[in-house]
Amino acid sequence: VLEKTMLGIFSVFNNGRQGFAPRHVHLLSLLVKPCAIALTNALRFRELKNLKERLADDSRYFQEELNRMSGETVVGTGNGLKRVMDMVHQVAPLESPVLLLGETGTGKEVIANAIHNLSLRKEGPFIRVNCGAIAPSLLDSELFGYEKGAFTGAVARKRGRIERAQGGTLFLDEIGELSAGAQVRLLRVLQEREIDRVGGSETIKVNIRVIAATHRNLEKMMAQEQFRADLFFRLRVFPIAIPPLRERKGDIPDLVRHFILKKSREMKRINIPSPSTDAMERLLAYRWPGNIRELENAV
């Protein structure tokens, strides 16, 4: 015991034929404090080592996220997205969950990033999870993490993406792709603000804000019992519908210039090209079923 804290037990056994003498007890009493101090130092060193590894792991992860998201800008804030951005400014300072609705390629992740950057959590992490891109068998370990030895191949503890979002924002893209089991576990995160790692016995409290997005009709899925009603209403606190590109064609010239500039930087071009009048007319006349993603690919 050191500073009223129980550190462990030092056990001594004999051969069963000889008893312990008072000198043995005295010797052990002299060893108690040095052993306690040595054990405390070892535990603190282990804790510092784990913390260092955790910070290095976080640094690598966040750097990858920043590199992937760099250059993403909300284009059209004064035109086709003005109403959307008004809602973004309204909800960003709050802690409410946000549900982003819109077709594939409309820029839901960019809007989610804007909400995070305008929120009180902007100094915290912004963690993105594409629910449709993770195999159902791996979803639990990716979202909630796992303990060492939880399954074959789990050679070390791993924190999941929910835990990585601590103090920041968790963006769940394509929320409509979640399995029924994952929906139940996500509901617990929203209600109780806690998770359990796979193979773990410790309940971990989480402080995150959830932004979800989908191109699917969740109300229709709810009627067909493919999406939980309680989860739907937990997420649909503040829904924002993002219009498709065909309904905001006035933004196309600005988007084209934005993508040309972005790609020119990537290609290290000194002379920035500009589209001809004929090319711009053709771009404006097209319906863009793939929305902004298709426009970027065309540019």
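Residue numbers count from 1 along this sequence. These numbers were taken from a predicted model, which means no experiment stands behind them.
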Given the rule in the salt bridge (charged side-chain N to carboxylate O under 4.0 Å, His left out) test, do Lys158 and Glu142 qualify, once you have shown the distances and angles that lead to the verdict? CA-CA 9 Å; Lys158 179 186 175 183; Glu142 282 293 319; 3.3 Å; yes

Does any part of the side chain of Phe144, heavy atoms only, come nearer than 4.5 Å to the side chain of Arg197, both counted from C-beta? no

Polar side-chain atom of Gln183 near backbone of Arg228 as donor-acceptor pair, under 3.5 Å: yes

Ion pair present between Glu103 and Arg246, side-chain N to carboxylate O less than 4.0 angstrom? yes

Criterion side-chain contact (heavy atoms from CB on, under 4.5 Å) against Asn50, the qualifying member of Glu47, Lys52, Arg46: Arg46

side-chain contact (heavy atoms from CB on, under 4.5 Å) for Gln226 and Met222? Distances and angles first, verdict last. CA-CA 6 Å; Gln226 295 176 344; Met222 190 171 59; over 6 Å; no

Salt bridge check: are Asp230 and Arg234 linked by an N-O gap of less than 4.0 Å? no

Tell me, with the steps shown, if Asp173 and Arg128 meet salt bridge (charged side-chain N to carboxylate O under 4.0 Å, His left out). CA-CA 7 Å; Asp173 199 6; Arg128 176 183 182 270; 3.1 Å; yes

Would you sort out whether Asp254 and Arg257 count as a salt bridge (charged side-chain N to carboxylate O under 4.0 Å, His left out), showing the intermediate values? CA-CA 5 Å; Asp254 288 340; Arg257 281 189 287 271; 2.7 Å; yes

Measure from the side-chain N and O atoms of Asn207 to the backbone N and O of Gln166, and report whether any donor-acceptor pair falls under 3.5 Å. no

Does Glu95 pair with Arg209 as a salt bridge, N-O distance under 4.0 Å? no

For residues Val237 and Ile115: do they belong to one hydrophobic cluster (side chain heavy atoms under 4.5 Å, members Ile, Leu, Val, Met, Phe, Trp, Tyr)? no

Would a 4.5 Å heavy-atom cut-off, applied to side chains only, mark Leu231 and Leu190 as touching? yes

Checking Leu100 against Thr106 for the side-chain contact (heavy atoms from CB on, under 4.5 Å) test, could you report, in this order, the C-alpha distance in whole Å, the side-chain angles of both residues, the deciding distance, and whether it holds? CA-CA 10 Å; Leu100 303 177; Thr106 50; over 6 Å; no

Does a salt bridge link Arg216 with Glu174, judged by any charged N lying under 4.0 Å from a carboxylate O? no

Under 3.5 Å, is there a donor-acceptor pair between the side chain of Asn113 and the main chain of Glu109? no

Arg248/Asp251 salt bridge by N-O under 4.0 Å criterion: yes

Test item: Ile175 and Phe227 side chains (from C-beta on) under 4.5 Å apart, heavy atoms: yes

Using only atom types and a distance under 3.5 Å, with no angle test, would you say the side chain of Arg121 pairs donor to acceptor with the backbone of Gly168? yes

Donor-acceptor check, side chain of His89 to backbone of Val84, threshold 3.5 angstrom: yes or no? no

Determine, for Arg185 against Asp196, whether the closest basic-nitrogen to carboxylate-oxygen distance falls under 4.0 angstrom. no

So, Lys108 side chain and Gly102 main chain: donor-acceptor pair closer than 3.5 Å or not? yes

Test log, rule side-chain contact (heavy atoms from CB on, under 4.5 Å), inputs Phe171 and Val210: CA-CA 6 Å; Phe171 175 50; Val210 175; over 6 Å; no

When clusters are formed by joining ILVMFWY residues with side-chain heavy atoms under 4.5 Å apart, either directly or through shared neighbours, do Leu7 and Phe10 land in the same one? no

